[in-house]
Amino acid sequence: MASIAGSSALSFARPVKAINTNSLAFSPVRKGNTFLHLQPMPMRSVSCAAKKDTVDKVCEIVKKQLALPDHTEVCGESKFSELGADSLDTVEIVMGLEEHFDISVEESSAQTIATVEDAADLIDKLVAGKA
Amino acid sequence: MAAAAAAPTRAEVLALFRSLLRTAKQFSDYNIREYTRRRGADAFRENRALADAQAAAAAFAEGKKHLEVAKRQALVYSLYAPKAKSVMELKVQ
């Protein structure tokens, strides 16, 4: 394992950056990356917050779907109903998320989504389950 | 006659909407896909405040009929998919 890091350091001009990009490339693939702990991975058993990227992406899609002005504060805790979305809007938002993340949300799961955080959590779970 | 046509529940209506949007996704033609989505959303939004149970049931039955039509058409269109993609689908370069 040390030899892999060593050889990549030799083949690239800037070894620090090379090791970083290697770990970033490996981190989505869970198998065999126990030696690269540069990015903390959310464990599936512990329900921590959803990844920041996912939350941001969800916020973006929500804003686009509801045609909210750009400066609107959309964070993880925002409820869809507070943002002015009715249940039809919620269905459309979930479909948009399905399309963007290329996942398939169950009927029952979709009914329970009330905040941006819920949506991001569900997406992360489905993406992790798919990978 | 079906005098006891109960109004559809909220969950049923949302399920119908979701099926419609999913069916819309299957169209390879951009125009039809967008139209189905837009028309579906507009129709559901228009009828959202129907107080009368019978009117709601009628609208729900209409929606189901349209879903069947959309499903059949998705199949037919997939047989004759156009080779060129619509300009709206090209990524902004």
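First the proteins, then the strands, lettered A, B, ... as listed; each starts at 1. Note that the structure is a prediction, hence the values are computed from the model and not measured.
Screening B/Arg22, B/Arg38, B/Arg45, B/Arg18 for a salt bridge (Lys or Arg N to Asp or Glu O under 4.0 Å) involving A/Glu92 leaves a single residue, B/Arg45.
There is a path of hydrophobic side-chain contacts, each under 4.5 Å, that joins A/Val55 to A/Leu66. Residues A/Ile93 and A/Val127 share a hydrophobic cluster, clusters being chains of Ile/Leu/Val/Met/Phe/Trp/Tyr side chains in contact below 4.5 Å.
Interface remark: B/Arg37 contributes side-chain atoms only to the contact with chain A (heavy atom separation under 4.5 Å).
Nearest heavy-atom pair across A/Leu88 and B/Phe17 is O-CE2, 3.5 Å.
Atom NZ of B/Lys25 has more than 12 neighbouring heavy atoms from other residues, nucleotides or ligands inside a 6.0 Å radius. No more than 12 heavy atoms of other residues, nucleotides or ligands lie within 6.0 Å of CD in A/Glu106, so this atom counts as exposed by the packing criterion.
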Should B/Leu14 and A/Thr90 be marked as a side-chain contact (heavy atoms from CB on, under 4.5 Å) after you check the CA-CA gap, both sets of side-chain angles, and the distance that decides it?
CA-CA 10 Å; B/Leu14 292 180; A/Thr90 311; over 6 Å; no
